*Asks:* 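Dumping the structure here so I can ask a few things about it.
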Amino acid sequence: MIRFYNTLTRNKEEFKPIKEGNAGLYTCGPTVYDLAHIGNFRAYIFEDLLHRYLEYGGYKVLRVMNITDVDDKTIAGCEKESVSLKEYTDRYLTAFLEDMEILRLKKPDYLPRATEHIPEMVSLVKKLLDKGYAYEKDGAVYFSIAKFPSYGKMAGIDLSEIKSGARVDVDEYEKEDVRDFALWKEEKESVFWDTELGRGRPGWHIECSAMSMKYLGESFDIHTGGVDNIFPHHENEIAQSEAATGKKFVNYWMHCAHLLVNGEKMSKSKGNFYTLRDILKKGYNPVAVRYLLLSAHYRDPLNFSEKALKQAENTVSNYNAFYQSLDFCKSGIGNKEIKADIEKARKDFTAGLSDDLNISAALAGIFNLIKTVNIAVSEGTLGPEDAGDIKGFLEETDNVLVILDKEERKLSGEQQNLIKEREQARKDKDFKKSDEIRDVFKSQGILLEDTLYGTRWKTVKKGIK
RNA sequence: GGCCUGGUAGCCAAGUGGCAAGGCAGCGGUCUGCAAAACCGUUAUGCGCCGGUUCAAAUCCGGCCCAGGCCUCCA
């Protein structure tokens, strides 16, 4: 049984999909007006964990991630550079997709762009006009929250508290109620579409309703995003979607907490952000970034620091060294208890993640297994079959974690001979020669370790340990 | 001001009534020709503070302090 914390009810609930064995997932994606920073990626890592764990649990996942490629910032950006909106947003979309790959984020089934779904949005807005939930005013269309009594429910917003004030946009004072939000904006900038609603462009919130319903249906299972999206974005999505269809829009809303820097939210407006590229330029392992963002519970604020990143880097490096070392357990007598130990670790892993993605508990299960196995290795009792079982388990859980380096590692014939030579030198107590050989390997980024199973080697990433 | 989070070791981080997981770093030891790795021991008689409930509290209740977020574009 998998349980998730549902923002809608403020409780952990058992996950019951609409269609047995399936999961429809809409995960809020980027606005492609600039490079994403790692605070943004925290959300995408959380969504990746959710996606992968549902699949690990046997669900067939259908996932959509929207690409917001038309809004005030993207329009301002392309006007400033005098390039087309598409040219401008393509640049940042490409960068985003590259970053996703570097962080080993699973690609959603659909990555719909807002600009490619204008007809869907127009038809949704028309439906809201027909049903009387929306009204037109000077070429723009607004959603009337007065017509939707449960507005504000998820966010726990008391509507009487939202007052008209200095922060209300100039183009918005034609609204009947300051709290109403735009479904369609009148032509103002260089970017517009000619539609049945007139010349203009969509409001921000409508794209998510239109695109999620197109790919996932009018009701679907899970919708995610950062906590800052709860209000007003997700609240507005609920209002416009449910008003249009008369059906419950989403069953489970999941929101992740922010990444902090020095105790403050990382954001573009505060200027306290790092992009993935900034970090990689400093020589950090991208897998460590993934691990760091993954290793804290998604609903807790995570304070980012280079110290924490360094720690994550060490953990990832040790973890991979352990994984590599399993290949050398070729002569052990075998250990009957290993299968039960693996079973225990698997149980801890799934019990943890099934409890609202409690990653710490899940990882602890694996680390406990590693310790048990290391003891067996140091006693020389771990057999090849055991090692294979453990490898299989690590690879299985790595479908969720994705922190292992699984590429084939091979030594050249020359290197293999050199290792044999060194082993003979050690038998002959020619330690000068054996140390020299070890140094030769070291200069090639390969560390030799003498163990009960013979000489073991591992590769070391440049700059790490 | 309203609403919502969080405060657990040097750092990161689980734990929501019954002996305080796990990771990283440090220190001491074992092993090793020397290393490396690993293992063993050690690092919170205490979980922001003060009260209360209870046989028993990090956990429940009340009050307070601190930090962050949302209420406006945001992951």
Side-chain angles (χ1 to χ4, degrees), chain A residues 7 10 27-31 33 36-47 68 71-73 152 155-163 165-169 204 224-233 235 255-260 262-270 291-292 295-305 307-319 321-322 325 328 348 352 355 358-368 370-371 373-379 426 429-432 434-435 438-439 442 447-452 455-458 465:
Chain A
T7 308
R10 308 263 166 186
T27 55
C28 263
T31 301
Y33 73 103
H37 59 65
I38 57 163
N40 300 128
F41 278 109
R42 184 191 191 185
Y44 307 133
I45 292 266
F46 147 63
E47 290 161 357
T68 301
D71 80 317
D72 293 347
K73 287 177 191 147
I157 295 284
D158 180 353
L159 290 177
S160 60
E161 295 294 325
I162 304 178
K163 295 200 171 75
R167 282 166 167 167
V168 174
D169 253 14
W204 173 40
T224 69
V227 287
D228 49 0
N229 279 150
I230 296 173
F231 191 88
H233 186 49
E235 196 66 56
H255 295 96
C256 70
H258 287 128
L259 188 69
L260 310 179
N262 296 322
E264 273 195 322
K265 176 181 170 180
M266 179 179 289
S267 73
K268 288 277 166 63
S269 50
K270 285 184 175 157
Y291 181 82
L292 177 62
S295 63
H297 187 81
Y298 75 94
R299 282 192 292 114
D300 285 333
L302 172 63
N303 199 7
F304 177 84
S305 66
K307 184 173 179 182
L309 186 57
K310 186 72 208 159
Q311 290 182 359
E313 204 166 55
N314 287 342
T315 305
V316 167
S317 159
N318 292 346
Y319 193 85
F322 172 79
S325 75
F328 295 91
D348 290 345
D355 180 18
N358 185 339
I359 186 76
S360 301
L363 289 171
I366 298 179
F367 284 118
N368 284 327
I370 289 177
K371 185 161 212 166
V373 171
N374 273 331
I375 292 171
V377 170
S378 65
E379 289 167 349
R426 289 186 68 228
K429 304 224 184 290
D430 184 354
F431 298 123
K432 186 167 176 286
S434 72
D435 288 351
R438 191 164 59 193
D439 287 342
K442 196 177 171 188
L447 287 188
L448 299 189
E449 296 171 350
D450 300 315
T451 75
L452 279 179
T455 300
R456 187 166 85 183
W457 59 272
K458 67 178 179 188
K465 278 207 159 169

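Quick note on labels: first sequence line is chain A, next is B, and so on, each numbered from 1. Keep in mind that this is a model prediction, so the values were computed, not measured.
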*Asks:* Of all the nucleotides listed (B/rA35, B/rC73, B/rA37), which has the minimum atom distance to the side chain of A/Asp450?
*Replies:*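 Out of B/rA35, B/rC73, B/rA37, the nucleotide with an atom closest to A/Asp450's side chain is B/rA35.
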*Asks:* Determine the interatomic distance between C1' on B/rG6 and the same-named atom on B/rG15; round to the nearest Å.
*Replies:*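 Between the two C1' atoms, the distance is 15 Å.
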*Asks:* Quote, to the nearest angstrom, the C1' distance that separates B/rA20 from B/rA13.
*Replies:*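 Approximately 13 Å lies between the C1' atom of B/rA20 and that of B/rA13.
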*Asks:* Between B/rU72, B/rC40, B/rA25, which one does the side chain of A/Asn314 approach most closely?
*Replies:* B/rA25
*Asks:* Remember a base hit wins even if backbone is also touched, and classify A/His255 as base, sugar-phosphate or nothing at under 4.0 Å, heavy atoms.
*Replies:*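 If one applies the 4.0 Å heavy-atom cut-off, A/His255 turns out to touch nothing in the nucleic acid.
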*Asks:* NE2 of A/His297 versus C1' of B/rU5: gap in Å, rounded?
*Replies:* 12 Å
*Asks:* Roughly how far apart, to the nearest Å, are B/rG41 and B/rU8 at atom C1'?
*Replies:*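 Nearest-Å result for B/rG41 against B/rU8 at atom C1': 23 Å.
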*Asks:* In terms of heavy-atom contacts, does NZ of A/Lys270 have more than 12 from other residues, nucleotides or ligands at under 6.0 Å?
*Replies:*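 Above 12, so yes.
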*Asks:* Has A/Lys268 got its NZ or CZ under 6.0 Å from the middle of the six-membered ring of A/Tyr33, at an angle within 45 degrees of the ring axis?
*Replies:* yes
*Asks:* Rounding to the closest angstrom, what is the interatomic distance between B/rG48 and B/rG10 at atom P?
*Replies:* 14 Å
*Asks:* Both distances below 3.5 Å, Watson-Crick or wobble geometry, any strand: find the nucleotide opposite B/rG18.
*Replies:* B/rC55
*Asks:* Determine whether A/Asn358 and A/His297 satisfy the following criterion, side-chain hydrogen bond (donor to acceptor under 3.5 Å, both in side chains), listing intermediate values before the conclusion.
*Replies:* CA-CA 6 Å; A/Asn358 185 339; A/His297 187 81; 5.1 Å; no
*Asks:* Side chain of A/Arg438 only, please: which of B/rA35, B/rA14, B/rG22 is the nearest?
*Replies:* B/rA35
*Asks:* Checking contacts here: which listed nucleotide (B/rG6, B/rC39, B/rG23) is nearest the side-chain heavy atoms of A/Thr315?
*Replies:*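 Between B/rG6, B/rC39, B/rG23, the one nearest the side chain of A/Thr315 would be B/rG23.
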*Asks:* Please tell me which of A/Ile375 and A/Lys270 maps to the more 5' nucleotide of RNA chain B, matching each residue to the nucleotide holding its nearest heavy atom.
*Replies:*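 Counting from the 5' end, the first nearest nucleotide belongs to A/Ile375.
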*Asks:* A/Asn368 has a side chain; which of B/rA13, B/rG22, B/rA35 sits nearest to it?
*Replies:* B/rG22
*Asks:* Ignoring hydrogens and geometry beyond distance, is the side chain of A/Gln311 in donor-acceptor contact with the base of B/rC11 at under 3.5 Å?
*Replies:*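 Such a pair exists between side chain and base.
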*Asks:* Measuring only the P atom in each nucleotide, how far is B/rC27 from B/rA37? A whole number of Å is fine.
*Replies:* 13 Å
*Asks:* Would you measure the distance from the C1' atom in B/rC55 across to the matching atom in B/rG17 and give it in whole Å?
*Replies:* 12 Å
*Asks:* With respect to the phosphate group of B/rA37, does any side-chain polar atom (N or O) of A/Asn374 fall under 4.0 Å of OP1 or OP2?
*Replies:* no
*Asks:* Which nucleotide in the list B/rG23, B/rA38, B/rC70 gets nearest to the side chain of A/Tyr291?
*Replies:*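 The listed nucleotide nearest to A/Tyr291's side chain is B/rG23.
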*Asks:* Does the structure show a Watson-Crick or G-U wobble partner for B/rG41, both distances under 3.5 Å? Name it, or say none.
*Replies:* B/rC27
*Asks:* Using the C1' atom in both, what is the distance from B/rU43 to B/rG52, to the nearest Å?
*Replies:*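 Between the two C1' atoms, the distance is 33 Å.
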*Asks:* Counting only distance, no hydrogens or angles, is the base of B/rC11 paired donor-acceptor with the side chain of A/Lys307 under 3.5 Å?
*Replies:* no
*Asks:* Taking the C1' atom in each of B/rC61 and B/rU54, what is the distance between them to the nearest angstrom?
*Replies:* 12 Å
*Asks:* Check this one for me: any side-chain N or O of A/Asn303 less than 4.0 Å away from OP1 or OP2 of B/rC11?
*Replies:* no
*Asks:* Considering only side-chain heavy atoms of A/Phe431, which listed nucleotide, B/rG69, B/rG33, B/rG68, is closest?
*Replies:* B/rG33
*Asks:* Regarding A/Asp450 and A/Arg456, does a basic nitrogen lie under 4.0 Å from an acidic carboxylate oxygen?
*Replies:*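 Salt bridge between A/Asp450 and A/Arg456, a charged N being under 4.0 Å from a carboxylate O: no.
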*Asks:* If you compare every side-chain N and O of A/Lys310 against the phosphate oxygens of B/rC12 (OP1, OP2), does one of them come in below 4.0 Å?
*Replies:*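 Indeed not, no polar side-chain atom of A/Lys310 lies that close.
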*Asks:* Go nucleotide by nucleotide along RNA chain B from the 5' end; which of A/Leu302 and A/Ser434 gets its closest nucleotide reached first?
*Replies:* A/Leu302
*Asks:* Which nucleotide sits closest to the side chain of A/Asp435: B/rG69, B/rG33, B/rA37?
*Replies:*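 Between B/rG69, B/rG33, B/rA37, the one nearest the side chain of A/Asp435 would be B/rG33.
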*Asks:* For the side chain of A/Phe367, counting heavy atoms from C-beta on, which of B/rG22, B/rC24, B/rU72 is nearest?
*Replies:* B/rG22
*Asks:* Out of B/rC24, B/rA13, B/rG15, which has the shortest distance to the side chain of A/Ser360?
*Replies:* B/rA13
*Asks:* Does any nucleotide pair with B/rC49 by Watson-Crick or G-U wobble geometry, both distances under 3.5 Å, and what is it?
*Replies:*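 Base partner found: B/rG63.
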